A.B. asks: 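Pasting a structure here, questions to come.
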Protein chains: 2
Amino acid sequence: MKFSARFEYALLTLLHLKCEPDEGPVSGKALAESLKLPYRFLEQILADLKRSGLIRAARGSQGGYRLNRDPADISVYDIYVATEGQFQPWDCGAGDDKDGCGSDHNKCVISAFYGDFRSTFISLMKGYTLNTLCSAAQSLKRNQQAVTAP
Amino acid sequence: MKFSARFEYALLTLLHLKCEPDEGPVSGKALAESLKLPYRFLEQILADLKRSGLIRAARGSQGGYRLNRDPADISVYDIYVATEGQFQPWDCGAGDDKDGCGSDHNKCVISAFYGDFRSTFISLMKGYTLNTLCSAAQSLKRNQQAVTAP
DNA sequence: TATCATTCCTATCGTTCTCGTCGGAATGAT
DNA sequence: ATCATTCCGACGAGAACGATAGGAATGATA
């Protein structure tokens with residue numbers, strides 16, 4: 001029950017793309033340097049994000065990545081699905097019992113718990129968007145500047 | 001982001017111990033047969049549950065396992081912790097940044113998201129107890145009997 | 001057209017985690 | 001004394017994960 005590095009790196013990447021004021025697309029190499037992440041690995045994650053339509057890419061010289069949707073419309077759940085696939089924290093009756101829980105009522109109840117778990121977390125993740133996260137980061141920044149100010 | 005088999009097996013085991021009307025302790029072998037789980041693996045899980053004080057064991061002939069607490073006081077979260085350890089779905093600043101998020105406000109915001117996720121998760125799991133799960137199972141059973149009745 | 005920066009595709013590697021198996025010691029009721 | 005049981009630690013196969021790598025495709029620029 002852990003978040004993968006892919007997911008975290010994707011969050012950082014998208015947050016960077018949204019929050020840092022870059023003109024034009026940002027190359028994978030530049031992203032990897034800014035975020036201090038392994039370049040080759042980040043490339044794969046960027047491919048995931050592109051495949052899911054969260055970012056778009058331009059090839060060739062002067063190419064790079066930029067957001068492909070309104071940041072208010074990119075939820076953390078979208079990012080999760082893009083990097084880890086559908087949120088399905090248990091192995092649902094894959095082959096053993098056709099009717100889901102079959103004759104075992106206890107299994108059935110556990111499935112119900114899993115379902116509750118799943119829907120709770122999907123809605124939690126959908127509640128966070130790139131916009132909300134970014135403005136939270138900016139308000140943090142302001143607060144710290146106020147404290148550190150001369 | 002998956003539940004382990006240990007966790008699911010533990011749920012099934014404790015549910016069996018609570019819901020099925022057995023007199024006296026139930027041996028590991030009997031449990032493994034009832035639940036159709038690998039005996040040697042289940043033994044390890046039972047050891048986890050005992051270590052956490054959820055069940056108690058009696059050795060020797062006629063020995064076996066039984067619950068050690070009021071089923072209303074055994075939450076799914078207890079079972080989670082017993083089998084998977086403390087819920088900590090991300091690697092918290094282990095060595096890299098002493099101040100948690102350091103200078104990177106985006107990391108800081110992600111940590112906040114993780115914290116929200118974590119506390120939601122824990123309170124959800126604490127809301128389910130052996131009692132609630134078992135009575136849910138029993139009501140399922142009743143409903144099915146009503147449908148299947150002649 | 002040649003060059004070069006970039007994305008894109010696919011294979012691989014090493015480590016860690018997980019599920020499951022195993023042998024055998026300790027215990028305790030009969 | 002016997003036998004069923006819990007208890008303890010080691011081990012192995014396989015998957016998942018983080019990361020590395022080579023090289024092809026693309027496209028702006030000169």
Side-chain angles (χ1 to χ4, degrees), chain A residues 1-13 17 22 24-66 68 80 83-86 88-91 94 96, chain B residues 1-13 17 22 24-66 68 80 83-86 88-91 94 96:
Chain A
M1 189 57 69
K2 277 205 182 298
F3 286 109
S4 66
R6 299 181 88 87
F7 172 65
E8 183 172 340
Y9 294 175
L11 277 175
L12 287 170
T13 300
L17 251 31
D22 293 306
V26 188
S27 76
K29 199 174 287 183
L31 279 169
E33 265 174 31
S34 300
L35 303 171
K36 301 196 185 70
L37 299 179
Y39 165 54
R40 291 296 211 160
F41 189 33
L42 185 59
E43 262 190 328
Q44 299 176 20
I45 296 163
L46 290 163
D48 289 339
L49 297 177
K50 190 199 166 194
R51 215 173 298 127
S52 305
L54 303 184
I55 61 178
R56 67 172 180 277
R59 298 174 133 198
S61 190
Q62 307 299 320
Y65 301 90
R66 62 178 73 191
N68 193 36
Y80 182 90
T83 51
E84 305 204 23
Q86 209 56 35
Q88 188 80 28
W90 70 98
D91 294 328
D96 35 34
Chain B
M1 190 57 71
K2 277 206 182 297
F3 286 110
S4 67
R6 299 181 89 88
F7 172 65
E8 182 170 340
Y9 294 174
L11 277 175
L12 287 169
T13 301
L17 251 31
D22 293 306
V26 187
S27 76
K29 198 175 288 185
L31 278 169
E33 267 174 29
S34 301
L35 303 171
K36 301 198 184 69
L37 299 179
Y39 166 54
R40 292 295 210 157
F41 188 34
L42 186 58
E43 262 190 328
Q44 300 176 18
I45 296 164
L46 289 164
D48 289 339
L49 297 177
K50 190 198 166 195
R51 216 173 297 126
S52 305
L54 303 184
I55 60 177
R56 66 173 182 276
R59 298 174 132 198
S61 191
Q62 307 300 320
Y65 301 91
R66 63 178 73 191
N68 193 36
Y80 182 89
T83 51
E84 305 203 23
Q86 209 57 35
Q88 189 79 26
W90 70 97
D91 294 328
D96 35 34

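From a predicted model like this one, the values you see are computed outputs, not experimental measurements. The sequence lines fix the lettering, A, B, ..., with proteins before strands; numbering per chain opens at 1.
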A.B. asks: Using side-chain contact (heavy atoms from CB on, under 4.5 Å) as the criterion, point out the one residue from B/I45, B/L37, B/L12, B/L46 that pairs with B/L31.
C.D. replies: B/L46
A.B. asks: To the nearest angstrom, how far is A/R40 atom CZ from C/dC8 atom P?
C.D. replies: 13 Å
A.B. asks: So A/A5, base contact, sugar-phosphate only, or nothing? Heavy-atom distance under 4.0 Å.
C.D. replies: sugar-phosphate
A.B. asks: Across the strands shown, which category fits B/A57 at heavy-atom distances under 4.0 angstrom: base, sugar-phosphate, nothing?
C.D. replies: sugar-phosphate
A.B. asks: Could you state the CZ-P distance from A/F7 to D/dC17, rounded to the nearest angstrom?
C.D. replies: 14 Å
A.B. asks: Compare the minimum distances between each of C/dT27, C/dG20, C/dT7 and the side chain of A/Y39, then state the nucleotide with the smallest one.
C.D. replies: C/dT7
A.B. asks: Between C/dG20, D/dG18, D/dT6, which nucleotide has the shortest distance from any of its atoms to the side chain of B/S27?
C.D. replies: D/dT6
A.B. asks: Rounded to whole Å, how long is the line connecting atom CD of B/E43 with atom P of C/dA25?
C.D. replies: 15 Å
A.B. asks: Whole-Å distance between C/dG14 C1' and A/F41 CZ?
C.D. replies: 14 Å
A.B. asks: To the nearest Å, how far apart are A/M1 CE and C/dT16 C1'?
C.D. replies: 18 Å
A.B. asks: Is there, by distance only and without an angle test, a donor paired with an acceptor across the side chain of A/Q44 and the base of D/dT20 below 3.5 Å?
C.D. replies: yes
A.B. asks: Please state how far atom CD in A/E8 lies from atom P in D/dC17, giving the value in whole angstrom units.
C.D. replies: 15 Å
A.B. asks: Closest to the B/R6 side chain: C/dC19, D/dT6, C/dG20?
C.D. replies: C/dC19
A.B. asks: Does the structure show a Watson-Crick or G-U wobble partner for C/dT30, both distances under 3.5 Å? Name it, or say none.
C.D. replies: D/dA1
A.B. asks: Using whole Å, report how far CZ of A/F3 lies from C1' of D/dA16.
C.D. replies: 17 Å
A.B. asks: Start at the 5' end of DNA chain C and walk down; is the nucleotide closest to B/Q62 or to B/E84 reached first?
C.D. replies: B/E84
A.B. asks: Answer yes or no: does a side-chain N or O of B/Y9 lie under 4.0 Å from OP1 or OP2 of C/dC19?
C.D. replies: no
A.B. asks: Should A/K29 be listed as having a side-chain N or O under 4.0 Å from OP1 or OP2 of C/dA5?
C.D. replies: no
A.B. asks: May I ask you to decide if A/L49's main-chain N or O and A/S52's side chain share a donor-acceptor pair within less than 3.5 Å?
C.D. replies: no
A.B. asks: Taking all non-hydrogen atoms of both residues, which atom of B/M1 and which atom of A/E84 are closest, and how far apart?
C.D. replies: N-OE1, 4.0 Å
A.B. asks: For B/N68 and B/G53, indicate whether the former's side chain and the latter's backbone hold a donor-acceptor pair under 3.5 Å.
C.D. replies: yes
A.B. asks: Counting side-chain heavy atoms from C-beta on, which of D/dG27, D/dT6, C/dA29 comes nearest to B/S61?
C.D. replies: C/dA29
A.B. asks: Which residue in the set B/L42, B/I55, B/V26 passes side-chain contact (heavy atoms from CB on, under 4.5 Å) when paired with B/T13?
C.D. replies: B/L42
A.B. asks: Please report the distance, rounded to the nearest Å, between CG in A/L42 and P in C/dT7.
C.D. replies: 10 Å
